[in-house]
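See structure below.
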Amino acid sequence: MAKAAPSEEEPPHRPRLGELTASHVTPTTVQLEWNVLEGTFDSFTVQYRDAQGQPQALAVDGGSRTVTVPGLLPSRRYKFNLYGVWGRKRIGLISTDAITAPALPKENLPSQPRLGELTASHVTPDSIQLEWSVPKGTFDSFAVQYRDAQGQLQVLPVDGGSRTVTVPGLSPSHRYKFNLYGMWGRKRVGPISTDAVTDAVIPEEQPPSEPRLGDLTASHVTPDSVQLEWSIPEGTFDSFVVQYRDEQGQPQLLPVDGDSRTVIVPGLSPSRRYKFNLYGMWGRKRVGPISTDAVTGEAEVKPKKKPPSEPRLGELTASHITPSSVQLEWSIAEGTFDSFTVQYKDVQGLPQVLPVDGSSRTVTVPGLSPSRRYKFNLYGMWGRKRVGPISTDAITATVERENKPSEPHLGELTASHITPDSIQLEWSVPEGTFDSFVVQYKDAQGQQQVLPVDGDSHTLTVPGLSPSRRYKFNLYGMWGRKRVGPISTDAVTVELEKEPLSEPRLGDLTASHVTPDSVQLEWSVPEGTFDSFTLQYKDAQGQQQVLPVDGDSRTVTVPGLSPSRRYKFNLYGMWGRKRVGPISTDAVTGEGSCKLLPNLGDLTTSHVTPDSVQLEWSVPEGSFDSFVVQYKDAQGQPQVLPVDRDSRTVTVPGLSPSRRYKFNLYGIWGRKRVGPVSTDAPEKEPLSEPRLGEFTASHVTPDSVQLEWSVPEGTFDSFTVQYKDAQGQPQVLPVDGDSRIVTVPGLSPSRRYKFNLYGMWGRKRVGPVSTDAVTGEVDVCYLSAVESVKEPPSEPRLGDLTASHVTPDSVQLEWSVPEGTFDSFTVQYKDAQGQPQALPVDRDSHTVTVPGLSPSRRYKFNLYGMWGRKRVGPVSTDTVTGEGFCVPSAVQPEEERPSEPKLGELIASHITPDSVQLEWSVPEGTFDSFVVQYKDAQGQPQVLPVDGDSRTVTVPGLSPLRRYKFNLYGMWGRKRVGPISTDAVTGEGSCPEKEPPSEPRLGDLTASHVTPDSVQLEWSIPEGSFDSFTVQYKDAQGQPQVLPVDGGSHTLTVPGLSPSRRYKFNLYGMWGRKRVGPISMDAVTGEGFCVPCLCLLDASVLALRRFGVRHLPGSFLHQGNSYISWPLTRECIDVYALQRAFHITAAVQPEEERPSEPKLGELIASHITPDSVQLEWSVPEGTFDSFVVQYKDAQGQPQVLPVDGDSRTVTVPGLSPSRRYKFNLYGMWGRKRLGPVSTDTVTGEGFCVPCLCLLHALLLELGGFGFRHVPGSLSHQGNGYISWPLTGEWKDG
């Protein structure tokens, strides 16, 4: 039962560790004891380094307060770190040092066991039974060594309780010498020996012939089991093994005794095809396999909705609510469940799963956030079925202000107890508590050193310093993920008074335990002590090797040597700054008790399909740690496929049809790669070659041509369009194999182009088919610039930009805004590779930390303020990142940084047709984050980031009945650990008869509202809907820029452009995982459209068109009796018409009308107030299911207003006064969105007279460009006539 949290108690406190002490020290063990000052831990972890310097971890349950660490070496200093594990968090560490006791004198040691006699009995032509005695003591294990008929050394391990063993696989009439060794701790005793000759084979008796496997058949197939039957036409087998893969693709083994001819394979999944392989075991040989396929039956569906015995969930309620936890209680209306699962989303919106045993009816959900609403779903697990959920909502309690932990402060750092080689540091924490501390300083060689300290300590002794040297120490406090500080102090170590009287001496150096690849060295120190030792020797290539050894050791094993080679070893003793010695010894490596190298058998191919090959192999002798399959793909790139040690078969996916592949298989044995064995995959009968059909050009504009083609037979992998640009340079446009249409952008007007289309089929290029097209004509008119406009008086200003909290990989920037407010900010800088980076910052922030920088590098940061469509700034600052620090290899174990975390196992569960849930473990340490990598159905690599606290993630958007391989990497600082991998096959789609929604289409892309530094883009979607959009273009420096847009928007303003520059914009639509498009257009930014006639004309046209005027002559006639006259020059009107035609009329595509499709009429705005607008529209034909009004609010955020299908009017509330809004109306007709129809309006105080509307719009336009006095004269006449004689200067402009 889960423990209920008291209703009035504080949330569970974070437990605290007390002190760690060492006791009961022996030469090979140390007993550790500790206390817990507050709270309870789930478990503990003890970490230390063994004699070889390898990190070791010892797990201890949460109720223990003592543990004995075994397997240590005598007279050696060990540092033990203890961590407390609380939930998913590792708390600590507390540490202690201990030196193991010296080895007892030989007379005091436990008496060494002795081997007695070794005899041979039960001799056959191929085996000998050995027997031996142990007259005194006991051994840990035994080893029998002998040489086989080929002279190869063989080793047979035997457990310590045995006194007999049968040596198999011998040759007849052959003399063998057997050596028996007894293993006692790390010592090998013996050998004792005996000789024996195997019996001769009796000529008249033929050896038993190898048995044969007959047929394998499947019968009695149920939804979850298959009965297999087989025959043995000749001979007998010792046993059988059935191999198959389960639903997750994991290999399964089912052993069967040798007398059986049938077996039932249980635990299968319904309606799934399985392949079963049967092997016969005959002595040491594996015969077979014989194979059969079977499809399990369909799960029985009973006519009743629920089985009679299925349990039912009752009600779920929440109680005992605290700021960080909620207790859930539930009832079971009927039956019993195997277990329960509570699901909810945490404060980051990530799904969390809390398993509960089947007998519980209550559970406390910990780790919640205060004052937050949570929804909890409870599922009951009944066999393989998940029942439920039942749900409840709860809001966690509010944390009182005084309980909210404030950031702790560091006080003063002082140095005391100064010796020639150490300094004791002490510090205070006047407020709060830290999780841990870090001390940084530079050693005598100038190398950065880092010493971690637990959060409860306020003192530390820094060892290993040099005499008479000044050191600067920096102390940082670690509080959560934040590093506070540093506080610093300087200190000078004391000068050495005098040299020690007696210099230590080295004794003898001897070699023992010589193997083919290692030598154990032992030495003595008859007088004094050394700080450390150094062993020098030359490897097989003659390269000098240095092996450091700590000062307490008297033995070391030198690994990685070559067999049968003489080595000379020199040992030096390090005493202060002096090197004493060397003492030397020679040793020749040999063929000692090394493991027998395993052998690879034959590699064969089977089950060859157009895109995969199954490989099978045997290992006739020994065993490998793992295997690796290597081959080259269709592009000639080498590919590597790892295989686990127990597998003898693997399927290589993703191959190309009708292609010959060569596969190399390597066996990995320790650090050695054995092999390869190779095979070629036979070529399959080639498929018929596809054919290209007709190739045509359509939708021709001045700068693009749309190409369409057909494929009357077969399918292509991809297509390629080739043509020459205006400069005569060949251009290549790749197209995926499913497309039959592509738009070629970036062409020149009035130019003939020839397009060639090729189809790519495997490695063959089919075609080309060709077509010609002439791009349309276009006139380009450039306007001369006029005087620069005045800045609006209310524009905000940027203050100073400063850099602080500089670390080796990050810089914190701070700035001020002395006047006004910005909509947002952007920080720009160049990374270590010189690539420009942009960091967006929200409007309320005046500080940001720039991560991912390189140490000791100068960076220049530019800050821009975004104010509406304008980019203000930049303000700049330079800074140099701090020096990177690393722990040198010679630092003592206690000074090293935490050991690298390890990834455990990765498994797949909760598999559906379109998703897989992955779960993994982290047996040691913690990661900053994780990354899941896999390839989608199109073979494109996908990356799914996961935060460091998660141990599960659901991969969405997969394809049914498809095998996926998932790789999980752990991110630890800048290092990527892993991967660990798993395979999974997605389930079968539940609705195959339902057609997928048709792919949406992009319509036209146009540019409007062009300013010197921005362009507004608008586009249409004639069919379907997209999840989101992406706009791509290159900035003034030629760097590609990407702007994401949500799927409901059809307009976007691109800010931060450069004046008088041509930009090409590409728009892509994102539909699921597919990118549709692009559609493209060009636009040239201006130098401020403040020419009065153009401004007035632009505003007038917008206003007049709103009132029904469609044609613009030299003077404009309203449809009523209100006459508006405007004596403009023909050039000005032509310029305006050219500008509008260039952006609006270039790519209009006629849209086919469906007979029954409804139509939207006109959208008009009326009843305008300062904070609302009433919209009215008509539907001239058909009816809509509903309508949607879209617009952007005063902050530029898109807003959506749904309207029912019978309405023809809606009031849009919550607007800002005197602001221009554009409203888009869409009609929803089934799954299709029609429209939009649009209108613009300016909120105000009721400008309902058309001429006043026009006047207001004109004055607003002029006022926006800084004009306060309008030249000429403007008059309102009785019949609604407005006259404006322009001056010559304006006409010239």
Side-chain angles (χ1 to χ4, degrees), residues 696-709 716 718-723 725 731-747 753 755 757 773 775 936-940 942 957 996-1008 1015-1035 1040-1054 1062-1083 1143-1144 1146-1152 1198 1224 1226 1231-1236:
T696 58
S698 62
H699 300 298
V700 180
T701 72
D703 62 349
S704 69
V705 170
Q706 182 174 309
L707 303 175
E708 300 179 1
W709 63 92
F716 287 96
S718 63
F719 301 95
T720 300
V721 175
Q722 292 186 3
Y723 65 99
D725 61 17
Q731 302 293 330
V732 178
L733 191 63
V735 187
D736 68 275
D738 297 326
S739 297
R740 297 295 182 270
I741 185 172
V742 69
T743 299
V744 183
L747 307 180
Y753 289 87
F755 300 97
L757 176 76
T775 50
D936 60 19
Q938 287 74 39
Q940 298 299 316
Q942 302 294 330
S998 60
E999 180 176 310
R1001 288 194 300 112
L1002 291 168
D1004 295 328
L1005 177 67
T1006 60
S1008 62
V1015 170
Q1016 181 174 316
L1017 301 177
E1018 299 179 0
W1019 60 92
S1020 61
I1021 307 298
E1023 183 177 333
S1025 61
F1026 288 94
D1027 300 325
S1028 62
F1029 302 95
T1030 300
V1031 174
Q1032 292 184 3
Y1033 66 99
K1034 290 190 177 181
D1035 60 19
Q1041 303 292 332
V1042 179
L1043 291 179
V1045 188
D1046 67 275
S1049 297
H1050 288 181
T1051 180
L1052 170 72
T1053 298
V1054 183
R1062 177 179 293 277
Y1063 289 87
K1064 179 177 182 179
F1065 300 97
N1066 293 324
L1067 176 77
Y1068 295 86
M1070 309 307 292
W1071 184 60
R1073 299 204 162 195
K1074 187 170 183 181
R1075 189 173 72 167
V1076 179
I1079 53 173
S1080 305
M1081 65 89 48
D1082 286 16
H1143 292 303
I1144 296 175
V1148 177
Q1149 299 179 6
E1151 190 173 290
E1152 296 183 5
N1224 293 323
Y1226 296 88
R1231 301 183 71 184
K1232 191 170 184 181
R1233 188 173 71 170
L1234 301 182

Q: Would you please test R1001 and I1021 for side-chain contact (heavy atoms from CB on, under 4.5 Å) and show each step?
A: CA-CA 6 Å; R1001 288 194 300 112; I1021 307 298; over 6 Å; no
Q) Taking NZ, NE, NH1 and NH2 as the nitrogens, is one of them in K1074 or E999 under 4.0 Å from a carboxylate oxygen of the other? A)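 Result for this pair is yes, salt bridge flagged.
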Contact between [X] and [Y] at the side-chain level, heavy atoms closer than 4.5 Å - yes or no?
{"X": "T1030", "Y": "L1043", "value": "no"}
{"X": "T775", "Y": "T701", "value": "no"}
{"X": "V735", "Y": "W709", "value": "yes"}
{"X": "M1070", "Y": "S1028", "value": "yes"}
{"X": "T743", "Y": "H699", "value": "no"}
{"X": "S1025", "Y": "P1000", "value": "no"}
{"X": "F1026", "Y": "V1076", "value": "yes"}
{"X": "V744", "Y": "F755", "value": "yes"}

When rounded to the nearest 0.5 angstrom, what distance separates [atom1] in [X] from [atom2] in [Y]?
{"X": "T1006", "Y": "W1019", "atom1": "OG1", "atom2": "CH2", "value": "10.0 Å"}
{"X": "L1067", "Y": "D1004", "atom1": "CG", "atom2": "CG", "value": "11.5 Å"}
{"X": "D725", "Y": "Q731", "atom1": "CG", "atom2": "CD", "value": "4.5 Å"}
{"X": "D703", "Y": "L747", "atom1": "CG", "atom2": "CG", "value": "7.0 Å"}

Can you give me the closest heavy-atom contact between [X] and [Y], atom names plus distance?
{"X": "P1022", "Y": "G1003", "result": "CD-N, 3.3 Å"}
{"X": "G1048", "Y": "R1233", "result": "O-NH1, 4.2 Å"}
{"X": "V1015", "Y": "A1007", "result": "CG1-CB, 3.8 Å"}

Q: Starting from the C-alpha separation in whole Å, work towards a yes-or-no answer on side chain to side chain donor-acceptor pair (under 3.5 Å) for Q1032 and N1066.
A: CA-CA 5 Å; Q1032 292 184 3; N1066 293 324; 5.3 Å; no
Q.
Run the side-chain contact (heavy atoms from CB on, under 4.5 Å) test on V742 and Q706 for me, step by step, so that the C-alpha distance in whole Å, both residues' side-chain angles and the decisive distance to 0.1 Å come before the verdict.
A. CA-CA 6 Å; V742 69; Q706 182 174 309; over 6 Å; no
Q: For side-chain contact (heavy atoms from CB on, under 4.5 Å), just list the numbers for T1051 and L1017, CA-CA rounded to whole Å, side-chain angles, deciding distance to a tenth of an Å, and then say yes or no.
A: CA-CA 5 Å; T1051 180; L1017 301 177; over 6 Å; no
Q.
Suppose we screen for ring-ring contact (aromatic ring centres under 6.0 Å, His included). Which residues come up paired with Y1226, at least two apart in sequence or across chains?
A.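 Here the qualifying residues are H1050.
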Q: Count the heavy atoms of every other residue, nucleotide or ligand shown that sit under 6.0 Å from NZ of K1064, and state whether that count exceeds 12.
A: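 More than 12 within 6.0 Å, yes.
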Q: Might you work through the side-chain contact (heavy atoms from CB on, under 4.5 Å) test for F719 and R740, ending with a clear yes or no?
A: CA-CA 9 Å; F719 301 95; R740 297 295 182 270; 3.6 Å; yes
